[in-house]
Amino acid sequence: MKFSRIAALGAVMSMCALPALAEIRRPECVAPAQPGGGFDLTCRVAQQGLEAQFSRPIEVTFMPGGIGAVAFNMFNTTRKADQDAIVAFSSGSLLNLLTGKYGPNWTEDDVRWLATAGADYGAVIVRADSKFQTLNDVMDALKANPGGVVVGAGGSVGSQDWMKAALLLRATGGEPQSMRYVAFDGGGDAVAGLLGGSIEVYTGDAGEMTSHLEAGDLRVLAVMADERLDAPFAEIPTAKELGYDVSWTILRGFYVGKDVADADYDQWVNAFKAAYDTPEFAETQKSHGLMPLNMAGDELTAFVHEQTEQLRAIATEAGLIQ
């Protein structure tokens with residue numbers, strides 16, 4: 001009997017000595033741009049959609065620079081094992097990564113792809129008082145004089161937003177090199193430039209326009225989706241239905257540093273998977289103009305690698321990769 005008691009006590013002590021379960025103590029979402037753009041939107045989805053998954057709210061912080069390059073480099077160096085922080089990314093981030101804008105040595109294997117916030121779509125946006133009333137007005141002006149229309153977006157030449165504008169110009173028979181394009185460091189800055197009159201057309205994302213549609217200060221002339229989106233974009237035509245074979249789907253999601261421990265990574269993955277099953281997460285996506293696209297962990301990692309290969313083919317065709 002005495003031996004049994006000692007053995008039982010030893011078993012209990014051994015269990016107590018096991019490592020504690022992973023715990024996200026101070027959840028943070030890093031938006032790698034100024035407030036107001038697509039990365040901000042992505043982090044708000046995590047902040048609101050995962051509210052029930054953690055004991056404290058996710059804090060949104062901003063790390064602008066290089067359309068995501070500063071954040072990507074930091075989470076490959078000083079914060080590559082930070083288990084509390086996730087970083088917003090999009091299809092444009094993948095494009096910047098594979099074209100070397102994040103640095104010549106980084107690849108899609110240098111972070112851990114975590115989960116999606118949803119899908120967004122490219123959009124052609126003007127000010128409410130713009131002389132361009134329809135997409136046809138913009139396309140006719142571009143065709144007549146490509147350099148006569150000031151187009152801008154959150155990214156330099158070769159970025160995702162530039163690609164949208166380049167595809168529009170190609171649809172008129174023009175060459176992207178003849179386009180008058182102004183680059184901003186993120187969607188928030190581009191919207192400010194549009195409202196301030198420094199650009200005439202913004203090739204941004206539909207999702208980030210939700211609040212502006214309500215305010216009435218901007219108009220979306222077309223979305224770059226295969227079919228019309230749900231409300232609040234249901235009345236907005238697609239570029240395809242207007243006769244222009246242009247589409248651009250945007251993956252929005254999150255990554256963590258490469259050295260984040262499996263237990264911590266899994267806790268984030270499980271938090272997203274649990275949130276995906278709730279009506280609150282679907283409502284959060286909808287309120288931010290995103291369509292459902294729910295993947296986490298290994299499924300997202302495989303999808304990212306697949307999309308990266310597709311983007312690499314497009315970028316090579318456009319001359320962005322030699």
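Note that this is a predicted model, so its numbers are computed, not measured.
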Can you confirm whether the side chains of His288 and Asp120 place a donor and an acceptor under 3.5 Å from each other? no
How would you list all residue pairs meeting disulfide bond (SG atoms under 2.5 Å apart) that involve residues 24-132, not counting sequence neighbours? Cys29-Cys43
Leu242 to Pro237 - nearest heavy-atom pair and separation: CD1-CG, 3.9 Å
Around Asp129, counting heavy atoms of other residues, nucleotides and ligands shown, do more than 12 lie under 6.0 Å from its CG? yes
May I ask you to check whether Trp268 and Phe54 place their ring centers less than 6.0 Å from one another? yes
Can a donor-acceptor pair be found between the side chains of Trp113 and Glu108 at a distance below 3.5 Å? no
Any chance the side chains of Asp226 and Tyr121 put a donor and an acceptor closer than 3.5 Å? no
Below 6.0 angstrom between ring centroids: does that apply to Phe72 and Tyr255? yes
Tell me the side chain to side chain donor-acceptor pair (under 3.5 Å) pairs involving residues 43-65, sequence neighbours left out? Glu28-Thr61, Asp40-Arg44, Arg44-Gln47
Pairwise distance OH(Tyr102) to CG(Leu97) - rounded to 0.5 angstrom: 7.0 Å
Residue among Val191, Ile125, Val220 satisfying side-chain contact (heavy atoms from CB on, under 4.5 Å) with His212: Val191
Do Phe281 and Phe254 sit in the same hydrophobic cluster, where Ile, Leu, Val, Met, Phe, Trp and Tyr count as joined when their side-chain heavy atoms come under 4.5 Å apart? yes
Exactly one of Asp262, Asp264, Asp259 should register a salt bridge (charged side-chain N to carboxylate O under 4.0 Å, His left out) with Arg112. Which one does? Asp262
